[in-house]
Novice: 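So that we are looking at the same thing, I have put the structure below in structure tokens.
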Amino acid sequence: MELPIEARKRISAAKRVAVLTGAGISAASGIPTFRGSGGLWNGFRPEELATPQAYAQNPQKVWEWYAWRYAQVMQANPNRAHRLLAQLERQKRDGFLLVTQNVDGLHARAGSVRMVELHGSIGRARCEVCSTHFPLPDPAVFVPPPQCPACSARARPDVVWFGERLPKGAFERAEAAFSRAEVALVVGTSAQVEPAASLGRVAGWAGAYLIEVNPDRTPLTPHADLHLPLEAVEGLEALLGPP
Ligand code: OAD
């Protein structure tokens, strides 16, 4: 494949880079996406598993689904795409922010630090009474639901469900980075869930060079300066890998 020379130059010259990732970046690690063939939302109904109402009605069922996914992500490993973004962060330092919709923790395990997890983390729980956040035990010994270590009340998954607010300050931090970025890179998201989906458009309107890596077209594609119709590993290798 021919290297995207213009995009590579822009990335290399930029002082401020913002990146948004979605489920597609973890596909090569064996984690299913949500939409599309083989997506989680084909086999499960989001309204029965990923809403506050579903949890109020059947907390055990919701916890069992999250515990299953937690075990799945703990068995997976970060892939080359996660690692290339961690490497880009080390080059750009405080001019870099990675915003992810993923709850799988694979970016952190690949070494990313300057990061906003917009939808929370599947490896953590949050107390329903005192809001203490705490990591889940090893999946091999984890039996849901967990109890808060501070007050012993039941805790819920520390993820954002449909109809809920994002963690405090998370979107503001993401939006600030995208509105100031010289290059914005959007990888492996269907760009259908707001407000995350708006970040790419915000960057484009503010004058950033907007790059999308996704084998399919999305609602963001018409706004992109460059759409690489590739999987995340291939696309990021072309943009960030050795020439
Ligand atoms: P989706 O499942 O909606 O979209 C995944 C995107 O990744 C699609 O556009 C695919 O074309 C693309 N894709 C598939 N394989 C890929 C690969 N190997 N490399 C690159 N791209 C690939 O996932 P998200 O956009 O992340 O929210 O979904 C957003 C939110 O919807 C999730 O965070 C979750 C879900 O409901 C909550 O749970 C709150």
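Ligands are counted one by one from 1 in listed order, and the atoms in each one are counted from 1 as well. Note that these values count all heavy atoms, side chains included, but never hydrogens, waters or copies made by symmetry. From a predicted model like this one, the values you see are computed outputs, not experimental measurements.
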Novice: With distance as the sole criterion, is a donor-acceptor pair present between the side chains of S26 and H82 under 3.5 Å?
Specialist: yes
Novice: Write 'none' if nothing qualifies; otherwise put on separate lines each N/O atom of ligand 1 with a protein N/O atom under 3.5 Å away and their distance to 0.1 Å.
Specialist:
from	atom 1	to	atom 2	distance (Å)
ligand 1	2 (O)	F34	N	2.7
ligand 1	2 (O)	R35	N	2.7
ligand 1	3 (O)	R35	NH1	2.6
ligand 1	3 (O)	S190	OG	2.6
ligand 1	4 (O)	S190	N	3.3
ligand 1	7 (O)	G188	O	3.3
ligand 1	9 (O)	N214	ND2	2.9
ligand 1	11 (O)	N214	OD1	2.8
ligand 1	11 (O)	D216	OD2	3.3
ligand 1	19 (N)	G24	O	3.3
ligand 1	19 (N)	A232	N	2.8
ligand 1	25 (O)	T189	OG1	2.6
ligand 1	25 (O)	S190	N	2.9
ligand 1	25 (O)	S190	OG	3.3
ligand 1	26 (O)	A23	N	2.8
ligand 1	28 (O)	R35	NH1	3.3
ligand 1	31 (O)	R35	NH1	3.1
ligand 1	31 (O)	R35	NH2	3.4
ligand 1	33 (O)	Q101	O	3.2
ligand 1	33 (O)	H119	ND1	2.8
ligand 1	36 (O)	W41	NE1	3.0

Novice: For the backbone of Q101 and the side chain of H119, can you confirm whether one donor and one acceptor N or O come within less than 3.5 Å of each other?
Specialist: yes
Novice: So do the side chains of L210 and L220 get within less than 4.5 Å of each other, counting heavy atoms only?
Specialist: yes
Novice: Do any side-chain atoms of residues 127-144 form donor-acceptor pairs under 3.5 angstrom with protein atoms, and if so which ones, sequence neighbours left out?
Specialist:
from	atom 1	to	atom 2	distance (Å)
E128	OE1	R154	NH2	3.1
E128	OE2	Y55	OH	2.6
E128	OE2	R154	NE	2.7
E128	OE2	R154	NH2	3.4
H133	ND1	D158	OD2	2.8
D138	OD1	A140	N	2.8

Novice: Are a donor atom and an acceptor atom from the side chains of Q57 and Q53 found within less than 3.5 Å of each other?
Specialist: no
Novice: Minimum heavy-atom separation for W63 to P145, with atom names?
Specialist: CD1-CB, 3.5 Å
